[in-house]
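Scroll down for the structure; my scribbles are underneath it.
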Amino acid sequence: MMLVLLLMGSFLIATVETTADASDLNAQQKFDLLKEQGISSGLADGESGLDQNMNRAQFARVAALILYSILKKYRY
């Protein structure tokens with residue numbers, strides 16, 4: 001779940017103005033950035049779930065939110 005989220009998040013991170021390069025961030029930092037952007041909220045218990053697989057519905061939601069965020073930023 002989180003591997004795909006982090007991969008997709010890398011594209012979002014590239015569009016977010018940040019002082020750190022995306023390659024300098026660890027998995028938890030990338031997740032935290034996605035959480036700040038409203039892309040992912042983690043699991044119901046508040047954990048990040050970085051060690052769990054993502055199902056199709058979760059992937060579709062994250063993909064749509066990332067795409068929306070990118071399009072919104074560039075006003076498409």
**Request:** Heavy atoms only: give me the nearest S41-F31 pair and the separation to one decimal.
**Result:**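 Looking at all heavy atoms of both residues, the shortest contact is C-CZ, 4.2 Å.
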**Item:** Closest approach of M54 to V62 (non-hydrogen atoms, all atoms of both residues)
**Value:** CE-CG2, 4.2 Å
**Prompt:** Has the side chain of Q52 got a donor or acceptor atom that lies under 3.5 Å from a matching backbone atom of G49?
**Reply:** no
**Item:** Check: Q37 and I66 side chains under 4.5 Å, non-hydrogen atoms
**Value:**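 With C-beta onward as the side chain, the pair stays apart.
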Separation between [atom1] of [X] and [atom2] of [Y], rounded to the nearest 0.5 Å:
X: I39; Y: Y68; atom1: CD1; atom2: OH; result: 10.0 Å
X: L65; Y: K72; atom1: CG; atom2: NZ; result: 10.5 Å
X: R61; Y: S40; atom1: CZ; atom2: OG; result: 7.0 Å

**Request:** Take L43 and S48 through the test side chain to side chain contact (heavy atoms under 4.5 Å, CB included) and record every step on the way to the result.
**Result:** CA-CA 6 Å; L43 303 176; S48 63; over 6 Å; no
**Request:** Determine, step by step, whether D32 and Q28 satisfy the side chain to side chain contact (heavy atoms under 4.5 Å, CB included) criterion, reporting the C-alpha distance in whole Å, the side-chain angles of both residues, the deciding distance to 0.1 Å, and the verdict.
**Result:** CA-CA 6 Å; D32 291 340; Q28 185 64 48; 2.9 Å; yes
